[in-house]
Q: 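For reference, the structure I am asking about is given below.
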Amino acid sequence: MKRQLAYFLVIFIGFLTLLGHFINYSPLNNFIDNDATQWFDIISGFAAFLGVINLLQLHLNKIANKRDNWRYSIITLAGFTIMIIFGFIYNGSSVAMGPHLKEDGSAFYWMFQNIYLPLGATMFALLAFFVASASYRAFKIRNFEATLLLISGVFLMIGRVPIGQLIPWWMALEIYICLFFALIANRFEEKKKMLFSLVICIIVLPLITYFLNLHNLSIFKIPELQEWIMDVPATAGSRAIMIGIALGTIAQSYRIITGRERSILGD
Amino acid sequence: MELIKKIFIQLGQLDRRFIFLLIGLSVLIPLLKPDWINIPIKTTTNSKIVFEELNNLKEGDKVLVSFEYGASTKPEIHPMSVAVLQHLFSNGVKVYTVPLWPEGLMMAKYAIEEVVSSDLFNIEEHVDYVSLPYKAGGEIIIRGIATDMRSIFTQDVNNVLLTEIPMMTGINNITDFDFVFDLSAGVPGNAEWVQFACDEYKIPLSSGCTSIMVTDAIPYVESGQIRGILAGMPGAAEYEQMVFEYLNNDTYNKYLNKEAVIVPGKATSRMSAQSIAHLLMVIFIVFGNISYYLIRKRKI
Amino acid sequence: MNQYVKYIFFPTVILLVYFFFPFSIFLSGNETTFICVVLLCFVVEYFIEKAKNGEEIYMRPIAAIKAMEEAVGRATEMGKPVLYVPGISSLDQIDTISGLTILGHVAGMTAEYDASLHVPVCVPIVMETAKETCKESYLKKGRPDLYRDDMVHYVTDDQFAYAAGVNGIMLREKPAAVFFQGKFYAESLILAETGNSIGAIQIAGTGSSSQIPFFVTACDYTLIGEEFYAASAYLSGSPEMLGSIKGQDYVKVGCMMLILIVFISSILNGYGIIDFDIVSLFRTNIIK
Amino acid sequence: MYEIIGIWCVVLLTLSIFSYLYGDNPFYKSAEHVFVGVSAGYIFTITFWDTIWPNLFGRLLPSYVKAGFEFDVSYIFPLVLGVFMLFRLSKKYDWLSRISIAYIVGMMAGLKFYVFLNSNLLTQIKSSTVNFSGTYLSIINEVIILIGVISGLVYFFFSKGHTGVVGKVSRIGVYFLMIKFGASFGFAVMGRISLLIGRFEELIEFSKPEYYYSTPVILVLMIVGLSFWSFKNNTNINKNN
């Protein structure tokens, strides 16, 4: 019975919010547009209390049982308590409680500015290093797919920065030739043959291009190629993913509001 | 020959800490010695579209600028904010700032302060710009701005009632604006502006965003739902440069203080650090591939 | 016969009522969307019904879903915990809800194998939901004794603080299997790289398209976009759910046809062969 | 005075987080735990003052909480649902919280159904129209996009195996997806490097004499601390072996 009640509510609210978009009844429309999500925010605001209780339980437990790294839990609790004190008890600035959170000069704001912000920004900046090591590992010419990943990644990387504009047409051409050979290297049985044809291509193709006056083509300008990659194939890819995600979300929502996706409510 | 091979294979198995160190240095050195490297900046089409769109605004037009970034993405987005604001003020456009992220409030404040303190324009609060306060809710707020702004905002950041601000008269929802410019680093961001407001009410929207968001936003740009896009730090540098040239060439601009010195923005100087770091990563990738090739051949 | 009545007659009636109802109880301006909603629901419903009636449904194998059980099994063998990260968004994203439904299945596996499960959560309300899900899964597998309340715990709401916290858990507990299923933003790479550096089997799934590449490069298996939403249906294996996936496929075919129609008609329109702008049909208005 | 202390805090915490690049160490661990505690407190405070206080109490007790809203009796519902949520703490009545979760899940599913259908599915289909104002080249591009989208969607078929024609088409789809992933990756590199630039600029700024050379001082101290720690750790490991 209790469980049935929850399902009934899911189905009822789900269809209400979906069909409310089509029905001409302004309180309902207003509910969907504004209140529905505001309510969600308020309910999750209440849940924040549960989060805090859980956090305290976890760390106090750790300290009480002297589990691994329990000393660090003291730091977490201290940081938390200080923020709560500055948020609700001690103000430190001239404005009222509440607006003081964003007031330059309050103790809370000091903590925000000097502890919270730099920590967040630095964690974020760590990504620069991780992205380097990830790309070092990922961008390998393993197969055709990986090569495409590499090509579009690398061209974007150099095409987007001013250095990409300094690359002359012949160098771009040589890069293409090398990439092509890297891709087909496995097909060659004899290493010497491959090296020979590579060298020939590297010398002859630029000359041909130059004499045929093809070197002004935009394919040899990395920034323009980069823009094309972004505008055409990457757009196609992201559109396919977007439509896929939309379909997935819609189907999942449908399963939820018809009461079929049950594990979410513990069934 | 064998020796070279060995070196390459060794390079392929580098400790990742070594890569970390090199990346760090490649960013640090150009920042410490900016005059060592100087690379010209070329503008891309999407940045040009943004510039043209904003340039076509007339004197007295109303533009809503929404701030959706924080301290961590400040280096990328903030130069855009400043350049866009400069550009708008130089055309006599009225600016309304709204933060949709808690930190966006501070960012809007810093950006306005930076423009005001540069002394380029004679702008006054409540005459040329209004700063709206932060309200929690993300897309709900966008939805609210689209339908009924006054139900969400009653005061500006300085707790002045909106009814007492002359430039707020006649502004009740999104259709009262001529343009929306969105500066975003995540969610809510430009996608939400498209979905919940601008698309439906046919208000032109442009956006400046972090580079990671660009591929997600590009379908909207291609379909014209977002008009042009400033992509990350390079986008910021390009826009800065366009605005810099525009202000320098436009000697008859009545909004511009003649005595003030126009200084190029910050993004331009950061681009050399960016370039070097990218170059280094490409070199890593090339070395990684050579060593991968050699190792694979050995196994065969 | 009965089926025809159901799946042709009813939608027609609904659409007729919608278009020809005398009083203005319906909003005008989003007719296209309404038609789509009705068609979509009935198509999916049709295939669900068919599946319920016992029609065999072929589902293409997805490596990541198969690997889930293996990963849990391996963690059990090694005597190490399984870490499940349900993303950093709240319940307002369908991704989180999908992540939690998958958690239900993974918790079922850990209950069966008697592996220890660890779910650090970013949002309190998700924590409560996840607790409920895990508890029920353990109960259903008949192992309520194995469920501990501290299995699921709150870390913090902030994106990067959460990433730092989960990082710490990974570095110090060294889980053998790591699941990232939910909505992720920039922290995805920090998490996936750390997981990679401790040598865990990593299975990711997300609908955040800008984070998929990082998971693809740093994880062993990744559920890309739509696959992620379908995973829970796959795992449940019930005909109802599989039927809905099949229906979804047919909706997809419909979308592709629609794209082609739009494309071709816009070419014809461009050359002046037909005088009809199909884009005008797509009035996607919401409420005024 | 507070400003200088603040700046030293900023530098210390920034460098502590960066020390993770060397490996897990006490500096990073401390910074991590500070971060978790402070952010939990921060978010909790912000949630209360920015959401519950104005949006709930501002509507239920408008004369007391002046948030610019009028009295709205319907906000009793979220209050009740929120209190239901707190019943999680009770063993006997914890089923009440399920009602709150049911509301959220149902509401969001209904809302997202509509939003994704409207803004993502229909607009993306709409945008596959060909723009004839462009050159022939742009039409070729449109055709490439069309092929990419269709083949990408074929990749996502679940009820057809990737064999035969479907297999070949879905392979083309994968190529397009890979290009998109590569592009995202390239952009990410760019974005992340810019963030690093931001942090470094701040550290450089704080190494000036007016901040008492905080960056170099802390950096040196940290390196000494780290080497001492890793030395000690090494000897420990040797003993264990």
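Residue numbering restarts at 1 for every chain, and letters A, B, ... go by the order of the sequence lines.
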Q: Could you tell me which non-hydrogen atom of A/Met123 sits nearest to which non-hydrogen atom of D/Ile17, and how far apart they are?
A: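 Nearest heavy atoms, A/Met123 then D/Ile17: SD-CG2, 3.8 Å.
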
Q: Please state whether the side chain, the backbone, both or neither of D/Trp95 comes within less than 4.5 Å of a heavy atom of chain A.
A: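 Just its side chain gets close to chain A.
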
Q: Atom CD1 of A/Ile115 and atom CZ of D/Phe35: how far apart are they, to the nearest 0.5 Å?
A: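 CZ of D/Phe35 is found 11.0 Å from CD1 of A/Ile115.
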
Q: Looking at D/Val10, D/Thr51, D/Leu111, D/Ile99, which has the largest count of heavy-atom pairs under 4.5 Å with chain A?
A: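 Of D/Val10, D/Thr51, D/Leu111, D/Ile99, D/Val10 has the most heavy-atom pairs under 4.5 Å with chain A.
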
Q: Contact part of D/Ile43 toward chain A, heavy-atom cut-off under 4.5 Å: side chain, backbone, both or neither?
A: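 For D/Ile43, the side chain is the part near chain A, not the backbone.
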
Q: Heavy-atom distance under 4.5 Å between the side chains of A/Phe124 and D/Arg192, does that happen here?
A: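 Yes, side chains in contact.
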
Q: Measure distances from D/Ile46 to the heavy atoms of chain A and classify the residue's part below 4.5 Å as side chain, backbone, both or neither.
A: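 Both parts, backbone and side chain.
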
Q: Measure the shortest side-chain to side-chain distance between D/Leu79 and A/Trp39 over non-hydrogen atoms and say whether it is less than 4.5 angstrom.
A: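 SC-SC contact between D/Leu79 and A/Trp39 ruled out.
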
Q: Nearest heavy-atom pair of D/Phe185 and A/Ser135: which atoms, and what distance?
A: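 Nearest pair, atom of D/Phe185 first, then A/Ser135: CE2-CB, 3.6 Å.
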
Q: Measure distances from A/Phe155 to the heavy atoms of chain D and classify the residue's part below 4.5 Å as side chain, backbone, both or neither.
A: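 A/Phe155 has no heavy atom closer than 4.5 Å to chain D.
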
Q: Among A/Asp41, A/Ile42, A/Ile75, A/Leu148, which residue has the highest count of heavy-atom pairs closer than 4.5 Å to chain D?
A: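 Most heavy-atom pairs under 4.5 Å with chain D: A/Ile42.
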
Q: Do other residues, nucleotides or ligands put more than 12 heavy atoms under 6.0 Å from the OH atom of D/Tyr93?
A: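 No - once you tally the heavy atoms of other residues, nucleotides and ligands closer than 6.0 Å, there are 12 at most.
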
Q: With only heavy atoms counted, which part of A/Leu149 is less than 4.5 Å from chain D, the side chain, the backbone, both or neither?
A: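 Both backbone and side chain.
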
Q: Should the pair A/Phe88 and D/Phe44 be assigned to parallel (<30°), tilted (30 to 60°) or perpendicular (>60°) ring geometry?
A: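 A/Phe88 vs D/Phe44 ring planes: tilted.
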
Q: Checking D/Tyr155 against chain A: side chain, backbone, both or neither under 4.5 Å from a heavy atom?
A: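 For D/Tyr155, neither part sits under 4.5 Å from chain A.
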
Q: Looking only at non-hydrogen atoms, find the nearest pair between A/Phe80 and D/Gly41 and report the distance.
A: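 Of all heavy-atom pairs spanning A/Phe80 and D/Gly41, the closest is CD1-N, 3.3 Å.
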
Q: Heavy-atom pairs under 4.5 Å with chain D: which of A/Ile229, A/Leu5, A/Asp35 has the most?
A: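 Among the listed options, the one with the most contacts to chain D is A/Asp35.
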
Q: Less than 4.5 Å to any heavy atom of chain D: does that hold for the side chain of A/Phe130, its backbone, both, or neither?
A: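 Just its side chain gets close to chain D.
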
Q: Do the side chains of A/Asn114 and D/Trp8 get nearer than 4.5 Å, heavy atoms only?
A: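 No - every pair of side-chain heavy atoms lies 4.5 Å or more apart.
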
Q: Contact part of D/Tyr42 toward chain A, heavy-atom cut-off under 4.5 Å: side chain, backbone, both or neither?
A: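 The answer is both parts of D/Tyr42.
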
Q: Taking the six-membered ring for Trp, are the ring centroids of D/Phe84 and A/Phe46 within less than 6.0 Å of each other?
A: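 They do not qualify: ring centres at least 6.0 Å apart.
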
Q: Cut-off 3.5 Å, side chains only: do D/Asn141 and A/Trp228 have a donor facing an acceptor?
A: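 Their side chains do contain a donor-acceptor pair, which is all the 3.5 Å distance test asks for.
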
Q: What residue, out of A/Leu156, A/Ile43, A/Val131, A/Leu119, has the most heavy-atom pairs lying under 4.5 Å from chain D?
A: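 Of the options given, most contacts go to A/Leu119.
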
Q: Can you tell me which portion of A/Val52 sits under 4.5 Å from chain D's heavy atoms? Options are side chain, backbone, both or neither.
A: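 Contact with chain D involves the side chain of A/Val52 alone.
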
Q: Between atom CG of D/Asn120 and atom CG of A/Leu247, what is the distance when rounded to the nearest 0.5 Å?
A: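 D/Asn120 atom CG to A/Leu247 atom CG measures 10.0 Å (nearest 0.5 Å).
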
Q: Contact part of D/Pro26 toward chain A, heavy-atom cut-off under 4.5 Å: side chain, backbone, both or neither?
A: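 For D/Pro26, heavy atoms of backbone and side chain both lie under 4.5 Å from chain A.
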
Q: Looking at D/Glu205, I want to see if its CD is surrounded by more than 12 non-hydrogen atoms of other residues, nucleotides or ligands under 6.0 Å.
A: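 Counting neighbours around CD of D/Glu205, more than 12 heavy atoms of other residues, nucleotides or ligands fall under 6.0 Å, so yes.
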
Q: Between D/Val38 and A/Gly79, what is the shortest heavy-atom contact and its length?
A: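 Closest heavy-atom pair between D/Val38 and A/Gly79: CG2-CA, 3.9 Å.
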
Q: Using 0.5 Å steps for rounding, measure from the OG1 atom of A/Thr122 to the CZ atom of D/Arg199.
A: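 Here the interatomic distance stands at 4.0 Å.
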
Q: Taking every non-hydrogen pair under 4.5 Å, which of A/Ala146, A/Gly244, A/Gly248, A/Ser238 racks up the most with chain D?
A: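 Greatest number of close heavy-atom pairs with chain D: A/Ser238.
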
Q: Need one label for A/Phe12: side chain, backbone, both or neither, based on atoms under 4.5 Å from any heavy atom in chain D.
A: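 For A/Phe12, there is no contact with chain D at all, as no heavy atom is under 4.5 Å.
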
Q: Evaluate the side-chain proximity of D/Lys180 to A/Arg239: yes if any heavy-atom separation is below 4.5 Å, no if none is.
A: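 No, too far: nothing below the 4.5 Å cut-off.
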
Q: Rounded to the nearest 0.5 Å, how far does OH of D/Tyr114 lie from CG of A/Leu19?
A: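 Reported to 0.5 Å precision, the distance equals 11.0 Å.
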
Q: Could you tell me whether A/Asp68 atom CG has more than 12 heavy atoms of other residues or ligands within 6.0 Å of it?
A: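 12 or below, so no.
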
Q: Tell me, for A/Phe112 versus chain D, whether the close heavy atoms (under 4.5 Å) come from the side chain, the backbone, both or neither.
A: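 For A/Phe112, the contact with chain D is made by the side chain alone.
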
Q: Pick out which of A/Ile257, A/Thr37, A/Thr17, A/Ile13 makes a side-chain contact (heavy atoms from CB on, under 4.5 Å) with D/Met108.
A: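 Of all the options given, the one that passes is A/Thr37.
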
Q: At what distance, to the nearest 0.5 angstrom, does CZ of A/Arg71 lie from OG of D/Ser30?
A: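 OG of D/Ser30 is found 12.0 Å from CZ of A/Arg71.
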
Q: About how many Å separate CG of A/Leu9 and CE of D/Met107, when rounded to the nearest 0.5 Å?
A: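 Answer for the CE-CG pair, D/Met107 versus A/Leu9, is 11.0 Å.
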
Q: Let me know if D/Thr47 has heavy atoms under 4.5 Å from chain A in its side chain, its backbone, both or neither.
A: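 The answer is the side chain of D/Thr47.
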
Q: Counting heavy-atom pairs closer than 4.5 Å to chain D, which one of A/Gly51, A/Ser152, A/Gly259, A/Ala234 comes out on top?
A: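 Maximum pair count with chain D is reached by A/Ser152.
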
Q: Among A/Leu101, A/Asn69, A/Leu77, A/Ile256, which residue has the highest count of heavy-atom pairs closer than 4.5 Å to chain D?
A: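 Most heavy-atom pairs within the cutoff with chain D belong to A/Leu101.
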
Q: Can you say whether A/Ile53 sits under 4.5 Å from chain D via the side chain, the backbone, both, or neither, judging by heavy atoms?
A: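 Side chain of A/Ile53 only, per the 4.5 Å heavy-atom cut-off to chain D.
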
Q: Anything under 30° is parallel, anything over 60° is perpendicular, the rest tilted; go ahead and classify A/Trp110 against D/Tyr2.
A: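 Perpendicular, since the angle between the ring planes exceeds 60°.
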
Q: Taking side chain as everything from C-beta outward and backbone as N, CA, C, O, which of these in A/Phe144 sits under 4.5 Å from a heavy atom of chain D? Side chain, backbone, both or neither.
A: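 The side chain, not the backbone.
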
Q: In terms of heavy-atom pairs under 4.5 Å, which option from D/Leu153, D/Val36, D/Val189 contacts chain A the most?
A: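 Between D/Leu153, D/Val36, D/Val189, the count favours D/Val189.
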
Q: Tell me if the aromatic rings of A/Phe40 and D/Tyr103 count as close, with their centers under 6.0 Å from one another.
A: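 A/Phe40 vs D/Tyr103: aromatic centres not under 6.0 Å.
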
